[in-house]
Amino acid sequence: MPLSECKMIDLPKISNQQGNLTFIEGSNHIPFDIKRVYYLYDVPGGAARGGHAHKQLHQLIIAISGSFDITLDDGQAQRTFHLNRSYSGLYVCPMIWRELNNFSTGSVCMVLASSVYREEDYHRDYAQFLEACRSGE
Ligand code: TYD
């Protein structure tokens with residue numbers, strides 16, 4: 001799927017003097033049902049995460065706390081997003097290579113995913129990912 005499918009999605013935000021509340025309903029606020037939630041935290045300064053693509057998985061990535069950068073790559077074009085809001089997330093469609101870096105101290109990256117964890121769904125080799133993009137696998 002092309003990089004143009006990937007976009008920031010603004011999430012509902014209920015604000016009052018006691019603070020903010022954001023909620024996410026699968027297939028309502030985001031274009032897939034949620035089967036799994038995971039989060040990255042205690043990421044050391046200078047560390048990079050990601051470095052892979054998913055064959056079929058849809059994801060929404062949110063900077064629940066702090067900030068980080070995500071560079072997306074569909075094999076033809078690249079785009080970098082800076083995530084720093086807990087009420088907006090980056091939708092990443094299948095077949096997009098991603099690199100996450102520049103994590104701020106104490107940042108938390110929460111990921112909503114359309115499927116349970118399956119290692120077979122990963123492309124972890126960039127050359128193989130490019131080949132799969134070219135052959136339309
Ligand atoms: P990986 O997806 O490579 O992490 P990141 O993209 O953040 O660098 O996963 C790191 C390790 O965690 C890898 O051994 C697979 C394992 N893992 C699970 O067991 N279940 C999961 O839901 C996820 C996301 C990863």
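In each ligand, atom 1 is the first atom listed, and ligand 1 is the first ligand listed. We count residues from 1, following the sequence as given.
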Would you kindly specify which portion of L40 sits under 4.0 Å from ligand 1, judged on non-hydrogen atoms: side chain, backbone, both or neither?
side chain

Taking S104 for its side chain and S67 for its backbone only, find out whether a donor-acceptor pair lies under 3.5 Å.
yes

Could you walk me through whether Q56 and D121 pass the side-chain hydrogen bond (donor to acceptor under 3.5 Å, both in side chains) test, one step at a time?
CA-CA 7 Å; Q56 297 188 338; D121 185 63; 5.8 Å; no

Protein contact of atom 6 (O) of ligand 1 - nearest heavy atom, named by residue and atom, plus distance:
H52 CE1, 2.7 Å

For F32, give me all partners under ring-ring contact (aromatic ring centres under 6.0 Å, His included), at least two apart in sequence or on another chain.
none

Answer yes or no: are there more than 12 heavy-atom neighbours, outside Y41 itself, under 6.0 Å from its atom OH?
no

Which ligand 1 atoms does Y38 reach within 4.0 Å, using its non-hydrogen atoms?
24 (C)

Heavy-atom side-chain contact between L72 and F81 under 4.5 Å
yes

Can you find a protein heavy atom closer to atom 12 (O) of ligand 1 than 4.0 Å?
no

Does any N or O of ligand 1 fall below 3.5 Å from an N or O anywhere on R36, backbone included?
yes

Is it true that K55 and E120 have a side-chain N and a carboxylate O under 4.0 angstrom from each other?
no

Distance to 0.1 Å, residue and atom name: give those for the protein heavy atom nearest to atom 10 (C) of ligand 1.
R49 NH2, 4.1 Å

How far is atom 3 (O) of ligand 1 from its nearest protein heavy atom, and which residue and atom is that?
R124 NH1, 2.9 Å

Can you label the angle between the H52 ring and the H54 ring as parallel, tilted or perpendicular, going by 30° and 60°?
perpendicular

Considering only non-hydrogen protein atoms, determine which one is nearest to atom 15 (C) of ligand 1 and report residue, atom name and distance to 0.1 Å.
Y117 OH, 3.4 Å

Closest protein heavy atom to atom 2 (O) of ligand 1, given as residue, atom name and distance to 0.1 Å
Y122 OH, 2.6 Å

Would you say ligand 1 has an N or O under 3.5 Å from any N or O of G50?
yes

